[in-house]
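Just so we're on the same page: letters track the sequence lines, and every chain starts at 1. Quick note: numbers below take in every heavy atom, side chains included, and nothing from hydrogens, waters or symmetry partners.
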Protein chains: 2
Amino acid sequence: MARQPASGDRPTVKDVAASSGVSATTVSRVLAGNYPVSTATRARVMKAVRELDYVINAQARALGGGGTKTVAFIVHDLVGPSFAYVGQGVEQQATAEGRLCLVCTTHGDPERELELIELMREQQAEAVVLVGGGTNSRTYLERMTQIARALDKSGSRLVLCGRPPLGPDVPATVVEYDNEGGAYAITSYLISLGHRDIVFMGAGEPGHTTIDGRLRGFERAHQAHQLSAPSQQAVAITFDRQSGYRATRDLLAAGRKFTAIFAATDVVASGVLVALREAGLRVPEDISVVGYDDIPLATDLTPMLTTVHVDYEELGRTAVRHALNRDRHAMSQHTVMGVHVVIRDSAGPLPKPARR
Amino acid sequence: MARQPASGDRPTVKDVAASSGVSATTVSRVLAGNYPVSTATRARVMKAVRELDYVINAQARALGGGGTKTVAFIVHDLVGPSFAYVGQGVEQQATAEGRLCLVCTTHGDPERELELIELMREQQAEAVVLVGGGTNSRTYLERMTQIARALDKSGSRLVLCGRPPLGPDVPATVVEYDNEGGAYAITSYLISLGHRDIVFMGAGEPGHTTIDGRLRGFERAHQAHQLSAPSQQAVAITFDRQSGYRATRDLLAAGRKFTAIFAATDVVASGVLVALREAGLRVPEDISVVGYDDIPLATDLTPMLTTVHVDYEELGRTAVRHALNRDRHAMSQHTVMGVHVVIRDSAGPLPKPARR
DNA sequence: ACCTCTATAGTTAACGATTTCTATGCAAGC
DNA sequence: GCTTGCATAGAAATCGTTAACTATAGAGGT
């Protein structure tokens, strides 16, 4: 007689097997479809599966056969505009490759990040994607290298998204985008419009690789045009609206001479715009403003922001794709993705009479 | 002699046991800390754990002892501003309760949603959180009820976030916010400013419970002030910027008389603002505009948007909290969260000479 | 007729932990 | 001195599935 599964318990292969008069192995084979089973048997098994509303136990499957089809995504927080897009890309590619996606947030706490990586090792995630700028400190690099090795030994893969590579002999997948190139391009654009006094708003956090790259591009563009690299850089300690707003007000109050502001991120730029508007300055007639990231906000600002487009979603997709489809024994992987300037309304030619 | 784990394999309790000269049971007990173990033994085991860099296998643990500590989060997409906040809240609460968070996106495909729920059943997720407006159709309700029962039987819990409840005898947790109340409040605010010709921009998708609620609040506010409920409603088929923009242009082109626009969402409002500005109309001097949701964008718009604040993050937290800490045998749970009007700069008193 | 091969199905042992049950040594109580 | 009881540790069963062997019929070749 068919074994009656206890109420509240979910049916197992054994229940299905009993109910359809075959062995558990056969049920497994029908479900996996990787072994010849007669049509009649298959039909009986499928019928029992439907009647019992059987679903497989993913844990047991992972334990017995192939691993967990899981990718982990560790991020500062989910609501940051660029983070969300990377996450979207990671989830998309994970799904496309038949994996599920675990997501965790660190809220910027490095200890928490370590805990989470450990947790993901327990979970046997096939890839652990870390997103967001890390610092370039020695301890950071050492710790990441150690983690990369530990994950590798567990059959997993460390993926760094928008962080600097660790070294050629470290088993990790790194996907970056061209911070320096984008900053170079958009600075050149401002210079070509006639601007000579450009403020880079976003220094002040040395070691932050994303910002460092952008600053490098900014300086390189000045050198390429035989301009002295301006040391005039407004400090925006935190990279939020408020700090962009305050830094701009301070700049104006100090009577600094400038005709354009290069905000290190679009979010900072949104604060800059508010401060300029409050000061009665028109953008771009009086002052030009550009940003970086091209988050959706950029088109909602007034005026619409000229900025550098980064395809964050593709960044996430590429990260997962490379991590899962790498050559066995491929140690270090490193990809740099391109970016491009998006010209909108917030930057214009130099005003004729230097207004300030 | 200590068993040498094969290279590439991760060490197991057995390896740790062999290496420290105790049984697997003892290792398990040291790690779990739920059974007396002598100090000396504990030290030896911990040393072996550290030396072998042992991490537990979450799958095996789930299979043997307690279930998977996992909550699933199924959402339209990750980049929607309100979705991201709900996700943040879900992840936060899940972490606070010692759970991990699986996240999947449907991109609006109901079939995909079904597949994902099935997948989550396989994963034994303790709760499955569904976010985003569903329709109120009969088939939808039936299907959800069936799913709720299936999940319940598997020991899991269906959680509906911002969707209508299914019924008192359906095992599900529902967390909504007060769409109608918020719309009532902000409409009353507009009326108190003197507005009598208010356009509700966002009809046209009957059965969408979120929008229906807001529309109901809009109409009820008119009734409460002895005003005839205006049938003048601009249709915004899709709830994005573009449709808000177009609908507003059409409205102006048709020469419709109105002094205020109630956009069904902040995103729609951002499109409305662009269209009004292009038409040379000032906000709020000529036309008042209000939105709904209070996403971060609301403070980046020009002028800053008066809108209804919804605490999406708290919504996500509440959903998880209720799902995990419910009474055993509690069938239906239903919570409605409050919202409140946030007054900023986009709505003002009725202009003296009716400009249009 | 005999042997081999293939299609089909079952047995049994992993997988890596937890969780009863047992079992021992040693202190305390009578 | 003998039972009682607690602290400590191990053996074995269990969770649900897969994979590696085994086993049995017929089909087809010689």
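Side-chain atoms of B:Arg157 and B:Thr173 include a donor-acceptor pair closer than 3.5 Å. Between the side chains of B:Thr335 and B:His322, a donor-acceptor pair is found at a separation under 3.5 Å.
For B:Gln124 and D:dG16, the CD to C1' distance is 9 Å, given to the nearest whole Å. The CD-C1' distance, from A:Gln59 to D:dG16, rounds to 10 Å in whole Å. For the pair B:Leu31 CG and C:dT19 P, the interatomic distance rounds to 13 Å; values are reported in whole Å. A straight line from CD1 of B:Ile56 to P of C:dG16 spans 13 Å, rounded to a whole angstrom. B:Lys69 places its NZ atom 18 Å from the P atom of C:dA17, with the value rounded to the nearest Å. Atom CZ in A:Arg121 sits about 15 Å away from atom P in C:dG16, given to the nearest Å. Spacing between atom CD of B:Gln123 and atom P of D:dT17 amounts to 13 Å, rounded to whole angstrom units. Atom-to-atom, CG of B:Asn34 to P of C:dA17 comes out at 15 Å; the value is rounded to the nearest Å.
Remark: of the listed residues A:Gln88, A:Gln93, A:Gln92, A:Glu91, A:Gln92 is the sole one forming a side chain to side chain donor-acceptor pair (under 3.5 Å) with A:Arg317.
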- Where along nucleotides 5-14 of chain C does protein come under 4.0 Å, by heavy atom, of base (B) or sugar-phosphate alone (S), with - for untouched nucleotides? ---BBBBB--
- Message: Could you walk me through whether A:Thr25 and A:Ser28 satisfy the side chain to side chain donor-acceptor pair (under 3.5 Å) test, starting with their C-alpha distance in whole Å, then the side-chain angles of each, then the deciding distance to 0.1 Å, before giving a yes or no?
- Response: CA-CA 5 Å; A:Thr25 305; A:Ser28 172; over 6 Å; no
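Across all non-hydrogen atoms, the minimal contact from A:Gln123 to B:Leu100 is NE2-CD1, 3.3 Å. B:Gly132 and B:Phe83 make their closest contact through CA-CE2, 3.9 Å (heavy atoms, listed as atom of the first residue, atom of the second, distance).
An OP1 or OP2 oxygen of C:dT18 is reached within less than 4.0 angstrom by a side-chain nitrogen or oxygen of B:Ser28.
Looking at the side chain of B:Leu63, the nearest of the listed nucleotides D:dT17, D:dG16, C:dT19 is D:dG16.
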